Asker: 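The structure is given below, and queries will be raised subsequently.
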There are 2 protein chains.
Amino acid sequence: MSNITALCHTVKVSPRRSNPDTRPALVDIAARLLATEGPQALTARRIAAEAGSSTMAVYTNFGGMSGLVREMVYEGFARLQTYFSHVEHTADPVADMALFGRAYRHNALTNPHLYAVMFGGASLAGFSLGAEDRQYGRYTLTTVIECATRCLEAGRFTTGDAVLIAHQLWTAVHGLVTLELGEYLIEPWNAERIFEAQLAGLMVGVGDRLPAAARSVSDSRDRLPEFQNVNIDPAALLDQEDVPS
Amino acid sequence: MSNITALCHTVKVSPRRSNPDTRPALVDIAARLLATEGPQALTARRIAAEAGSSTMAVYTNFGGMSGLVREMVYEGFARLQTYFSHVEHTADPVADMALFGRAYRHNALTNPHLYAVMFGGASLAGFSLGAEDRQYGRYTLTTVIECATRCLEAGRFTTGDAVLIAHQLWTAVHGLVTLELGEYLIEPWNAERIFEAQLAGLMVGVGDRLPAAARSVSDSRDRLPEFQNVNIDPAALLDQEDVPS
DNA sequence: ATGTTCGACATAACACCGTTATATAACGGT
DNA sequence: ACCGTTATATAACGGTGTTATGTCGAACAT
């Protein structure tokens with residue numbers, strides 16, 4: 001009797017919660033393996049062995065390897081967002097804009113494998129992100145869009161709209177960073193040159209005056225060392241909703 | 001006796017040439033599978049079954065799957081070079097420059113999987129290109145560098161040098177195309193807008209006057225339909241040295 | 001013309017991958 | 001205390017690239 005009522009009302013009867021420690025531990029191990037040994041080390045068996053459990057832990061906690069690399073992508077965007085949160089609003093919005101580009105590149109060069117999973121992920125484990133996952137990337141871009149808006153309001157940028165300009169910065173820096181990360185494609189010293197030229201050229205291209213743009217880009221370079229001290233908390237993943245403590 | 005002399009002189013005794021048809025057939029099948037069914041269909045067993053042979057054919061002809069995808073990369077750069085060879089020198093070098101960008105994007109959007117292998121190849125079959133393979137990409141870029149030189153000589157570009165400008169165009173368009181190919185990252189209509197803005201902004205950013213740059217970019221768009229009729233010869237691979245007939 | 005030889009190809013096995021079926025054990029609600 | 005549900009372990013399945021082994025055919029030397 002009560003069984004039937006329970007079935008009709010709520011089916012939550014008596015589940016067994018998974019060990020709350022294993023899930024973050026798996027993410028942590030996966031992130032470490034990805035950073036230290038590259039994508040080929042990111043296998044279910046390896047991760048399970050490293051965690052002292054079986055491969056089933058990956059499936060109960062993430063539903064498969066796809067869910068785990070999805071978590072990696074979230075982590076990657078979270079780190080990018082962390083860097084973005086460290087660029088302060090100054091009196092020179094164009095310099096702030098350039099600093100966003102530098103933060104983006106700094107994040108990619110600091111976590112190259114993670115960045116590769118974020119955007120080249122279609123190949124890893126035959127996994128590709130869904131539409132809803134992509135929203136994380138677009139949410140990250142809103143910070144840059146706001147900065148572009150400030151540049152437009154300040155009269156520094158005169159061409160295009162804020163969304164378009166933010167996308168221009170994104171695609172340009174992403175292209176450079178991607179080719180920079182792929183070995184033997186661009187020499188490292190050349191990448192540095194191209195990046196600076198790309199940054200200054202973009203500012204001029206969207207309407208800023210050449211001398212002012214050059215000065216802003218130069219100023220933003222002086223603010224780059226701040227990112228060296230940014231503390232990336234490995235536990236500060238985006239999936240904090242199930243890690244309440 | 002003569003055995004010893006033969007050994008000392010030339011070791012070429014009596015090899016069995018591999019069937020001259022199988023190697024191009026495998027490349028052709030691989031290219032077709034990649035284009036029609038994507039990277040996950042690019043397996044040794046599948047290719048061998050399609051060719052009616054065993055997986056060993058891949059190893060005798062290419063030394064493994066790595067060699068086969070290397071051939072795919074060559075094919076990809078050859079197609080890009082084919083498109084590049086179709087941009088003619090006009091009186092407006094900036095329009096030619098912009099057309100190179102359009103040719104690059106057209107090639108990537110026409111052969112998306114091939115493009116992904118060319119630059120995202122680190123993930124496919126755990127294969128990454130070597131330094132010598134990368135030279136193909138840089139050779140392809142020389143055409144663009146020459147065009148940038150013409151722009152500089154014409155006084156249209158005033159900032160930077162030809163190599164730097166060509167790299168700026170490459171990285172910018174590559175970044176846009178990469179994000180455009182990754183699904184759900186950029187809306188298609190937005191990609192079009194960003195590309196046009198990227199193109200015009202780059203020209204202005206490297207020193208061209210805004211109205212002239214806008215006109216050149218617009219003119220280059222009118223020349224784009226020529227690429228629709230470009231005939232990509234599937235047999236015109238870069239490894240023609242061993243296909244003498 | 002004939003024998004020899006060496007490599008291309010086929011078959012089957014190996015090691016590894018992600019995934020899943022099954023059994024067992026541990027937890028939460030009644 | 002019981003019982004159901006679910007996490008976990010073990011082992012297996014189908015798939016991958018790769019390799020060992022054997023066969024056979026084509027090209028050279030005689």
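All values reported here derive from a predicted model rather than from experimental measurement.
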Asker: Below 30° counts as parallel, above 60° as perpendicular, anything between as tilted: where do the rings of His174(A) and Tyr115(A) land?
Answerer: tilted

Asker: From CG of Leu42(A) over to P of dG18(C), roughly how many Å is that when rounded to an integer?
Answerer: 8 Å

Asker: Tell me whether Arg32(A) is salt-bridged to Glu37(A), with the criterion being a basic N under 4.0 Å from an acidic carboxylate O.
Answerer: no

Asker: Can you tell which of dT10(D), dG17(D), dT11(C) lies closest to the side chain of Ser54(A)?
Answerer: dT10(D)

Asker: Considering every strand shown, what is the Watson-Crick or G-U wobble mate of dA7(D) when both distances are under 3.5 Å?
Answerer: dT24(C)

Asker: How long is the line joining CG of Leu26(A) and C1' of dT8(D), in whole Å?
Answerer: 12 Å

Asker: Asp21(B) CG to dA8(C) C1': how many Å, rounded?
Answerer: 14 Å

Asker: Compare side-chain N and O positions of Thr22(B) against OP1 and OP2 of dA8(C) and report whether any pair is under 4.0 Å apart.
Answerer: no

Asker: So, is Thr60(A) close to the dT8(D) phosphate, meaning a side-chain N or O under 4.0 Å from OP1 or OP2?
Answerer: yes

Asker: Tell me: CE of Met65(B) to C1' of dT18(D), nearest whole Å?
Answerer: 12 Å

Asker: Take atom CE of Met56(B) and atom P of dT11(C), then tell me their distance rounded to the nearest Å.
Answerer: 12 Å

Asker: Sort out for me which residue in Leu42(A), Thr55(A), Leu34(A) forms a side-chain contact (heavy atoms from CB on, under 4.5 Å) with Ile47(A).
Answerer: Leu42(A)

Asker: Once you round it to whole Å, what is the distance between P of dA7(D) and CZ of Arg23(A)?
Answerer: 12 Å

Asker: Expressed in angstrom and rounded to an integer, what is the separation of Arg46(A) atom CZ from dA15(C) atom P?
Answerer: 19 Å

Asker: Using purine N1 to pyrimidine N3 plus N6-O4 or O6-N4 for Watson-Crick, or N1-O2 and O6-N3 for G-U wobble, each under 3.5 Å, what pairs with dT30(C)?
Answerer: dA1(D)

Asker: What is the distance, rounded to the nearest whole Å, between atom OH of Tyr59(B) and atom C1' of dT21(D)?
Answerer: 16 Å

Asker: Check whether any side-chain N or O of Arg23(A) sits under 3.5 Å from a backbone N or O of Asn61(A) as a donor-acceptor pair, and report yes or no.
Answerer: yes

Asker: Just to be sure I understand the rule, does Thr43(B) reach a base, reach only the sugar-phosphate, or reach nothing, if contact means heavy atoms closer than 4.0 Å?
Answerer: sugar-phosphate

Asker: Aromatic rings Tyr104(A) and Phe119(A): how do their planes relate, parallel, tilted or perpendicular, breaks at 30° and 60°?
Answerer: tilted

Asker: OP1 or OP2 of dC27(C) versus the side-chain N and O atoms of Asn19(A): is any pair under 4.0 Å?
Answerer: no

Asker: Between the base of dG17(D) and the side chain of Arg45(B), is there a donor-acceptor distance below 3.5 Å?
Answerer: yes

